[in-house]
Amino acid sequence: MKKFKALYKGMYDDLKDAEMMIEYACEIAEHSPDDKALADELAKYAKFRLEHFSAFYKHSVAQAMKTANADS
């Protein structure tokens, strides 16, 4: 169960951080057009976290399948 808890926590953190960075990027872009480069960097970081979520999701599915096959 520890592995599923770790994977879940990682996926949850990735989604929450990506959401937060997207919100920050939008706020900065809207209220400080001079800081567009910073907003772009925050958006890139959000994209990285979403990609990491996808990788952890694949690991999670693989582990679930492995566990299901072991239980059969």
Side-chain angles (χ1 to χ4, degrees):
M1 283 316 262
K2 243 344 169 192
K3 62 186 171 186
F4 291 111
K5 184 176 180 178
L7 288 167
Y8 171 80
K9 178 73 172 128
M11 289 187 296
Y12 180 82
D13 289 349
D14 284 338
L15 290 177
K16 293 306 280 182
D17 283 352
E19 177 186 33
M20 183 175 56
M21 290 298 118
I22 290 167
E23 287 176 8
Y24 287 148
C26 290
E27 286 265 330
I28 290 169
E30 184 180 325
H31 297 292
S32 302
D34 295 341
D35 292 326
K36 184 182 178 333
L38 175 60
D40 290 346
E41 284 301 313
L42 293 173
K44 280 190 230 177
Y45 182 65
K47 181 181 177 192
F48 167 77
R49 291 302 296 251
L50 291 172
E51 290 167 349
H52 190 261
F53 166 84
S54 181
F56 264 35
Y57 177 77
K58 288 176 185 172
H59 287 299
S60 181
V61 169
Q63 287 299 316
M65 294 301 286
K66 193 164 117 178
T67 300
N69 288 340
D71 290 343
S72 296

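Values below: all heavy atoms of this structure, side chains included; hydrogens, waters and symmetry mates excluded.
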Are [Y] and [X] connected into the same hydrophobic cluster when the rule is that any two of I, L, V, M, F, W, Y join if their side-chain heavy atoms are below 4.5 Å apart?
{"X": "Leu50", "Y": "Tyr45", "result": "no"}
{"X": "Met11", "Y": "Met65", "result": "yes"}
{"X": "Tyr8", "Y": "Leu15", "result": "no"}

Would you find more than 12 non-hydrogen atoms of other residues, nucleotides or ligands less than 6.0 Å from Phe4 atom CZ?
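More than 12 within 6.0 Å, yes.
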Lys3 atom NZ, neighbour heavy-atom count above 12 within 6.0 Å:
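Count over threshold, so yes.
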Would you be so kind as to tabulate the donor-acceptor pairs closer than 3.5 Å made by side chains of residues 16-24, with sequence neighbours excluded?
| from | atom 1 | to | atom 2 | distance (Å) |
| --- | --- | --- | --- | --- |
| Lys16 | NZ | Glu19 | OE1 | 3.2 |
| Asp17 | OD2 | Arg49 | NH1 | 2.7 |
| Asp17 | OD2 | Arg49 | NH2 | 3.2 |

Item to complete: Can you tell me which residue pairs pass the ring-ring contact (aromatic ring centres under 6.0 Å, His included) test with a partner in residues 52-72, sequence neighbours excluded?
Response: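 Sorted result for residues 52-72: His52-Phe56.
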Could you list the donor-acceptor pairs under 3.5 angstrom formed by side chains in residues 26-36, with sequence neighbours left out?
| from | atom 1 | to | atom 2 | distance (Å) |
| --- | --- | --- | --- | --- |
| Lys36 | NZ | Asp40 | OD1 | 3.3 |
| Lys36 | NZ | Asp40 | OD2 | 3.0 |

